[in-house]
Structure formats: C-alpha cells, structure tokens
Amino acid sequence: MIRNIVGSVLALAGATAAVWSPFRAWYDGRHGRDYAIDELFTGITDTRSSVIGSILLPFAFAALLTVLGVVLRSRLLVALAGLVVLGFTILWMVRVGQAEGSLTVGADGRGLGDGVANALGGGVLLLLGAVVMSGRSGRHVSRVDRAPAPTHPTLDGPTRPDQATRPTQTYARPPERPYAYGPPDTAPPPASDVPRDPARDETPPPPGHRG
C-alpha cells in the first residue's frame with residue numbers, strides 16, 4: 001500500500017514535469033512547443049509549430065498513460081509513459097544535434113535549456129515510480145470454513161451425524177457373586193482335619209457271614 005502511494009506520487013510528479021517542459025526553453029531560448037512533432041522524424045527547421053502539433057502531444061499522451069497507470073495500479077503503463085517521454089526527448093536531442101552540428105550548454109541562455117532538463121527528469125521519475133510501485137497483487141486469500149470439532153469424540157474417530165443424537169447407553173455393574181461357604185474366614189476346614197467316627201469307619205460284613 002505504501003509503495004503504491006509513493007510510486008504514484010513519483011509518477012504524477014514526473015508526468016507533470018514532462019507536460020510542463022514544452023513551455024520552457026529547450027534550445028537557444030526556443031520553447032519546446034515551437035518544435036513540430038513531424039520534425040523529430042524529418043529534421044529540425046526554423047518553422048514554428050502550433051501547440052497541438054508540437055512535441056507537447058507525445059508528452060500529453062504520456063501523462064494520460066500515467067494517470068491510467070496510477071488508477072489501475074499498473075506498473076507497465078507508468079513505465080511505458082516514462083519510455084515515451086525519454087524516447088521523444090532523446091530523439092529531439094539527436095535531431096537538434098544534427099541541425100546545429102553539436103549540442104552546447106551555456107549560462108547565457110544559449111544551448112540546452114531547462115525544458116530539456118524537465119523532460120529528462122520527468123521521464124526518470126516515471127520509471128522510478130514504476131519501479132517503486134508494487135502493482136496489483138495476484139494473491140487472493142480464500143477463507144476455508146472448517147467443520148467444528150466433535151464435542152464428544154469416540155475411540156473410532158470423530159462423531160458421525162448418526163451418532164450425534166444417539167443417547168449414551170449406561171450398563172449397570174453386575175452384582176458380585178457370593179461365596180459358597182460364606183466369607184473367606186469361615187470356610188470349612190480340609191477333610192483331613194475333620195474328626196472321624198469309628199462306627200462309620202467299620203466295614204459292614206458281607207451277606208451270609210456268621211460272627
């Protein structure tokens with residue numbers, strides 16, 4: 001967000017400087033609006049051009065691209081606007097150098113003027129604004145609604161819909177089995193400790209026995 005704001009400010013400042021530059025002196029006190037756009041391709045002459053058909057036209061087009069690029073947050077449009085400004089400025093310098101034989105810079109108003117500096121600076125600001133801008137982000141965060149975790153999970157996994165309304169079954173603990181002979185401390189003694197009755201131990205005589 002901050003990068004887009006800073007880049008937009010730089011781009012708009014560069015477009016403003018580029019559009020304002022034809023109204024300043026470009027060479028030997030001659031303003032940029034006096035150079036016809038077709039002279040950049042055929043050669044520089046002394047004929048003065050109208051404002052609409054001057055070098056202001058490509059700069060106005062670059063400003064329009066800049067505004068669209070800022071609104072749409074398009075780094076490509078802003079960079080294209082910077083290339084248009086720099087391209088036409090450099091092309092003008094080449095044509096003027098061919099017409100004059102050389103380019104000079106003088107403090108007395110002779111040679112290159114501040115209009116050329118504004119155009120070059122505006123083109124650099126446009127490219128810098130395109131670099132600073134982050135542009136549109138192609139990442140879209142999608143929200144995934146997750147199902148709520150089961151309140152009473154079972155051992156087999158999460159609670160199924162058919163188990164959500166099933167009542168919990170409770171089982172009563174079976175009663176403890178009582179001892180056959182009472183508590184452990186009252187168990188009957190072993191057979192070897194029971195007193196024996198002699199009368200019961202006598203073996204009855206076989207039938208027909210005479211004593």
Side-chain angles (χ1 to χ4, degrees), residues 1-41 44 48-100 102-146:
M1 184 64 180
I2 297 179
R3 292 184 57 183
N4 281 327
I5 295 177
V6 175
S8 300
V9 171
L10 293 175
L12 293 176
T16 303
V19 173
W20 178 248
S21 64
F23 298 93
R24 305 295 296 175
W26 276 54
Y27 197 81
D28 288 342
R30 186 179 178 181
H31 289 187
R33 65 176 183 268
D34 296 333
Y35 294 94
I37 188 66
D38 58 342
E39 292 182 355
L40 300 180
F41 304 96
I44 301 297
R48 294 182 180 272
S49 172
S50 62
V51 177
I52 298 178
S54 67
I55 199 175
L56 176 64
L57 184 60
F59 290 170
F61 176 71
L64 179 61
L65 290 179
T66 302
V67 174
L68 291 177
V70 170
V71 173
L72 300 177
R73 291 186 295 177
S74 175
R75 302 173 61 184
L76 180 61
L77 291 178
V78 176
L80 181 60
L83 293 178
V84 168
V85 173
L86 291 178
F88 277 91
T89 303
I90 295 174
L91 180 60
W92 174 88
M93 295 175 67
V94 171
R95 290 302 184 182
V96 172
Q98 292 176 352
E100 299 292 336
S102 63
L103 294 177
T104 60
V105 179
D108 55 352
R110 305 288 298 179
L112 296 175
D114 54 355
V116 180
N118 290 339
L120 293 176
V124 172
L125 285 178
L126 286 170
L127 293 180
L128 184 60
V131 173
V132 174
M133 290 177 62
S134 59
R136 286 189 174 184
S137 177
R139 300 176 181 176
H140 300 279
V141 179
S142 58
R143 181 180 177 182
V144 179
D145 295 330
R146 297 182 178 179

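All values derive from a computational prediction rather than experimental measurement.
You'll find the side chain of Tyr35 stays beyond 4.5 Å of the side chain of Arg95, heavy atoms only. Contact check for Leu127 versus Leu83: side-chain heavy atoms found under the 4.5 Å cut-off. Taking 4.5 Å as the limit, every side-chain heavy atom of Trp26 sits out of range of all side-chain heavy atoms of Val96. Using a 4.5 Å cut-off on side-chain heavy atoms (C-beta onward), Leu56 and Val19 make contact. For the pair Leu120/Leu86, a side-chain contact is recorded, criterion being any heavy-atom separation below 4.5 Å from C-beta on. Using a 4.5 Å heavy-atom cutoff, the side chains of Leu68 and Ser74 are not in contact. With contacts defined as side-chain heavy-atom distances shorter than 4.5 Å, the pair Phe88/Leu40 qualifies.
When each of Leu126, Val78, Leu76, Leu80 is paired with Leu65, the side chain to side chain contact (heavy atoms under 4.5 Å, CB included) condition holds for Leu80 and for no other.
Among residues two or more places apart in sequence or in another chain, the salt bridge (Lys or Arg N to Asp or Glu O under 4.0 Å) test is passed with Arg33 by none. With sequence neighbours left out, the salt bridge (Lys or Arg N to Asp or Glu O under 4.0 Å) criterion links Arg3 to no other residue.
Interatomic distance, CZ of Arg73 versus OG of Ser134, reported as 7.5 Å (0.5 Å rounding). Separation of atoms CE (Met133) and CG (Leu128) is listed at 12.0 Å; rounding is to 0.5 Å. Between the CG atom of Leu64 and the CZ atom of Phe59 there is a distance of 15.0 Å, given to the nearest 0.5 Å. Note that the OG atom of Ser49 and the NE2 atom of His31 stand 14.5 Å from one another [nearest 0.5 Å]. For the atom pair Leu91 CG and Phe41 CZ, the distance stands at 5.5 Å (nearest 0.5 Å).
The nearest pair of heavy atoms linking Ala62 to Ala81 is O-CB, 3.3 Å. Contact detail for Gly7 and Val132: the closest heavy-atom pair is N-CG1, 3.8 Å. Contact detail for Val85 and Ala119: the closest heavy-atom pair is CG1-O, 3.3 Å. Closest approach of Leu10 and Gly129 over heavy atoms only: CB-CA, 3.9 Å. Here the shortest heavy-atom pairing between Ala63 and Ala15 reads CA-CB, 4.1 Å. Heavy-atom minimum distance, Arg75 versus Val131: NH2-O, 3.5 Å.
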Practice item. Mind running side-chain contact (heavy atoms from CB on, under 4.5 Å) on Asn118 and Trp20 for me, showing each step along the way? Key: CA-CA 8 Å; Asn118 290 339; Trp20 178 248; 4.2 Å; yes

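Checking side-chain atoms of Asp28 against main-chain N and O of Gly111 turns up a donor-acceptor pair under 3.5 Å.
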